Trainee: 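Got a structure here, written out as structure tokens. Questions coming.
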Amino acid sequence: MMNETSCTITLKLTQFDEAEPIRSASCEFGESSVEQELVLGESIWHVHYTRQSVASNEDAIDGEATFKVDKGSVSNANVSVGLKLDRWSQDNYLFMPAAAYNGNRFRVSEQQYPPMLEREEEISVDIPTTITDVPRLSLEPGPSIIELRTGDLATPAVGCYLHSQKKGLLLLTYQGTVLGDSGLTAEESGDRSEAVISISAPAVRSSKYSMCNTKETSDDRGFDFHEQDEVTIKFRLYAFDCSDISTLFDYFAKVRKDLTGPTELRHEIPFSAAWDLLEEKYNRDNWQRDFEFYRSSTSPDPVFGEWQTGWVGGAINTYPMLAIGNGLSKERSVKTLNFLFDTIQAPSGFFYGIYCKGNRLGDAFRRHEETSIVLLRKNADVLYFMAKQLMLMDKLGEPIPDRWKEGLIRACNAFVRLWNKYGQFGQFVDLEKEEMIIGGSSSAGIAPAGLALAGQYFNRPDYTAIADLAGQYYYDHFVQQGVTTGAPGEICQCPDSESAFALLESYVVLYETTGDQKWLRMAEETAKLCATWVVSYDFQYAEEAEFRKLDLRSTGAVWASVQNKHAAPGICTFSGASLFKLYRATGNGFYLELLQDIAHNLPQYLSRADRPLRISWGGNRDGSSYSPPGWMGERVNLSDWEGKENIGEVAGGSCWCEVSCMLTYFEVPGVYIQKDTGFICAIDHVDVEVVDNNAATMSVKLINRTKFTAKVNVFVESRADMAQVLGENALLDQRTMVIEPYAEYSFMIHK
């Protein structure tokens, strides 16, 4: 397979002046050679390369390259292993998990943060995907290179779909070597006929990325090598038949943990205890008394600190509160939704994006006074979560104000009119004129789910029909192309995780509401794309980092976008319950494991009175400032995009991650049990064991190793039950087991 893909292994030694390469020496390894010599200046190096097959996978080889200084020394240098592709083409698809999709080879608009496409030549209904200045392969002639550190990716890997050859390549490596974090680079020749994918130790980039800027002066430096120093780079290379981009992602999903192994879960705080902290915090810090609504955050920012429709909380945070909140939370959630329909909804049926100090504002950042410009993703969130909340209220037997139903119908009608006019939902619209300003994005990927649920709830086939058309459109134009774009409002149309997870949610809802198997296939493909955004291993932070001191694990954190290069606690802004539903529909354990990683990761980033998070952002490292109890910030920085000093540090703040955590307790089973097969899975911060399993009964023991009382939602079913769809609000009917701190609880299940 290596010969079929025209791959050659190259080893290289490079010396730098600061971060600029000044001289190098390299060699190539064929099938049989294992020893070579490199000479750079007065230094002589011995290079040893071995490769061996992988017993469990005939597509894979394990490679190991050791560089040793036999004579002399070289200052400020690094070594690298490269995969040289001699039959490269710009038509090939390259991805670097959470960092590059199709090489980020898109039209670029260079702007300061927060970016917004405004120039007349940049905006229209049918613009090509337009991104900000992020690491990318070039769309234009000339140099074309992406230089990253392993911490810039959700998995240290590079994947390629070789279009004309119908082959796939995946290169996996480790976070680093004895010299620190490694570099991952993809570079094309000027004529795009060759490419080299390389792993370097240590990482030395010629320039560094910061927010919307790839031209920062690099502070990377090489290692000063002396006689007898040596370093080894290890990797695994997969070469396999690959019919399309979705096959590449499917393969990646199977092997993404091959080098790091299964996740070791560390219990910190049960979902129920996290819920208690968050509910108390929301009623303490998030209630806007003047206008009576739940604020989206506690930020003091004069624009973003109060209400944002959808996205980061508005009309989403009320959903779990209405379901399982206390009396005060339910009362305030009702008032919040009254505010949504009385104040935020426009005559067209769409919703204004922002409300601050008595003023409705738009989503155009530097031009917020243009109140009619809104990010449609935020409106689509309202469609989905309001439909779920109407279904919830019916299930609870609670009265529903007429204006909620009427308002949701008006919103759905606005989406239908927009689709009928443009054949897409686009990214930014004028809600008063009902005109699309910027199209060509999967920003509103949750809209099919909202319309499908509303169609079911109101018995409106016209809503269902548009949901079907939109779902297919998003699959054809985005999922099948290996990139979804533009759900966050401040990334232009960069590839992002939020649109991918929104589409996953939509395809699962479409499957559950229609029974059509095509949506299940699309959901599976989308879930594999989503997995590329989820951190697959526990990043090793520096000894002095706050995350290291607190033993915060990175596995399961979800990357935001290729622009905002941080992972975060949870999915913005979902629970991940769609992964559970997808597991039940397919029996594929990968989806359940991915959900376990994401959900279990969430509560550890919650600041608590017994373990406050010390804010270390911006040089404040004297321990004088802590996040209040119940606050969660969105930064899980593995990347140095905000400075190496902030890798693994606490940024503080309070944001949408809290809503994801609340949704998780309500929508995701804490423990899942198949009573006939004996299969068990603990997602919450507890352990579960099968004590006895016979033909008539199954005895199960739950173990709480934390210092908090755990109220665990336990979902029990048979294998046959998995054929039945769950629909919405399914966990309301499940059993809750209470386990005291450091205690066990046993119970019996009758088959």
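The figures here come from the full heavy-atom set of this structure, side chains too, leaving out hydrogens, waters and symmetry mates. Bear in mind that the values here come from a model prediction, so they are computed numbers and not experimental data.
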Trainee: Would you tell me whether S296 and Q308 have side-chain atoms, one donor and one acceptor, within less than 3.5 Å of each other?
Mentor: no
Trainee: Do Y101 and T532 meet the criterion of a side-chain donor-acceptor pair at a distance under 3.5 Å?
Mentor: yes
Trainee: Not counting sequence neighbours, which residues clear side chain to side chain contact (heavy atoms under 4.5 Å, CB included) with L592? List them please.
Mentor: F580, Y583, Y672, F679, C681, I683
Trainee: Which distance, rounded to the nearest 0.5 Å, do you find between the CG of L613 and the CG of L552?
Mentor: 7.0 Å
Trainee: Does S297 use its side chain to pair, donor to acceptor, with the backbone of W656 at less than 3.5 Å?
Mentor: no
Trainee: Check the angle between the aromatic planes of H600 and H685 and answer parallel, tilted or perpendicular using the 30° and 60° thresholds.
Mentor: parallel
Trainee: Can you see which heavy atom on R608 is nearest to which on K707, and at what distance?
Mentor: NH2-CE, 4.3 Å
Trainee: For W45 together with F225, are the ring centres under 6.0 Å from each other?
Mentor: yes
Trainee: Do any N or O atoms from the side chain of N78 and from the backbone of P202 form a donor-acceptor pair under 3.5 angstrom?
Mentor: yes
Trainee: Of all heavy-atom pairs between G630 and L278, which one has the smallest distance, and what is that distance?
Mentor: O-CD2, 3.3 Å
Trainee: Just checking, any donor-acceptor pair under 3.5 angstrom between side chains of T298 and K281?
Mentor: no
Trainee: How would you list, by chain and number, every residue that makes a salt bridge (Lys or Arg N to Asp or Glu O under 4.0 Å) with E280, sequence neighbours excluded?
Mentor: R284
Trainee: Decide yes or no for E268 and D551: does some side-chain heavy atom of the first lie under 4.5 Å from some side-chain heavy atom of the second?
Mentor: no
Trainee: For the residue pair S616 and E649, confirm or rule out a side-chain donor-acceptor distance under 3.5 Å.
Mentor: yes
Trainee: Do the side chain of N102 and the main chain of Y93 share a donor and acceptor less than 3.5 angstrom apart?
Mentor: no
Trainee: Can you see which heavy atom on T485 is nearest to which on S499, and at what distance?
Mentor: N-OG, 3.3 Å
Trainee: So, using side chain to side chain contact (heavy atoms under 4.5 Å, CB included) as the criterion, who are the partners of Y174 when residues are at least two apart?
Mentor: K234, L259
Trainee: For F252 and F95, run ring-ring contact (aromatic ring centres under 6.0 Å, His included): C-alpha distance rounded to whole Å, both residues' side-chain angles, the deciding distance at 0.1 Å, then the answer.
Mentor: CA-CA 11 Å; F252 172 77; F95 92 102; 5.4 Å; yes
Trainee: Can a donor-acceptor pair be found between the side chains of D597 and T555 at a distance below 3.5 Å?
Mentor: no
Trainee: Counting only N and O atoms by type, is there a donor-acceptor contact under 3.5 Å from the side chain of D220 to the main-chain atoms of R205?
Mentor: yes
Trainee: Output yes when a side-chain donor or acceptor of Q604 lies under 3.5 Å from a complementary backbone atom of N601, and no otherwise.
Mentor: yes
Trainee: For E264, is there an ion pair with R266 - N to carboxylate O distance below 4.0 angstrom?
Mentor: no
Trainee: Starting at CG of L595, measure out to CG of L582 and round the result to the nearest 0.5 Å.
Mentor: 10.5 Å
Trainee: With rounding to the nearest 0.5 angstrom, report the OG1 to CD distance, T263 to Q596.
Mentor: 7.5 Å
Trainee: Which distance, rounded to the nearest 0.5 Å, do you find between the CG of L579 and the CG of L504?
Mentor: 5.5 Å
Trainee: Taking all non-hydrogen atoms of both residues, which atom of L663 and which atom of T573 are closest, and how far apart?
Mentor: CD1-O, 3.9 Å
Trainee: Donor-acceptor pair, distance only, cut-off 3.5 Å: does the side chain of T150 make one with the backbone of Q175?
Mentor: yes
Trainee: Rounded at 0.5 Å granularity, tell me how far OG1 in T155 sits from CZ in R256.
Mentor: 5.5 Å
Trainee: Which atom names give the shortest non-hydrogen contact between N637 and K565, and what distance separates them?
Mentor: OD1-O, 4.1 Å
Trainee: Taking atom types as modelled, is there a side-chain donor on E490 or N564 under 3.5 Å from an acceptor on the other?
Mentor: yes
Trainee: Under 3.5 Å, is there a donor on one side chain and an acceptor on the other for E216 and S210?
Mentor: yes
Trainee: Taking atom CG of L94 and atom SG of C160, what is their separation to the nearest 0.5 Å?
Mentor: 4.5 Å
Trainee: Does either side chain, that of S578 or that of E505, offer a donor lying less than 3.5 Å from an acceptor on the other one?
Mentor: yes
Trainee: Checking S660 side chain against I571 main chain: does a donor-acceptor pair fall under 3.5 Å?
Mentor: yes
Trainee: Strictly by modelled atom types, are S639 and D152 linked by a side-chain donor-acceptor pair under 3.5 Å?
Mentor: yes
Trainee: When the ring centroid of F501 is compared with that of F574, is the distance short of 6.0 Å?
Mentor: no
Trainee: So does S80 get a backbone contact from the side chain of S198, meaning a donor-acceptor N/O pair under 3.5 Å?
Mentor: no
Trainee: So, the side chain of N646 versus the backbone of E642: is there a donor-acceptor pair under 3.5 Å, distance only?
Mentor: yes
Trainee: Check whether the ring centres of W311 and F304 lie less than 6.0 Å apart, and answer yes or no.
Mentor: no
Trainee: Looking at every non-hydrogen atom in both residues, tell me the closest pair between A201 and T177 and how far apart they are.
Mentor: CB-OG1, 3.6 Å
Trainee: Do T214 side-chain atoms and Y209 backbone N/O form a donor-acceptor pair below 3.5 Å?
Mentor: no
Trainee: If we count only N and O atoms by modelled type, under 3.5 Å, do the side chains of Y238 and D258 hold a donor and an acceptor together?
Mentor: yes
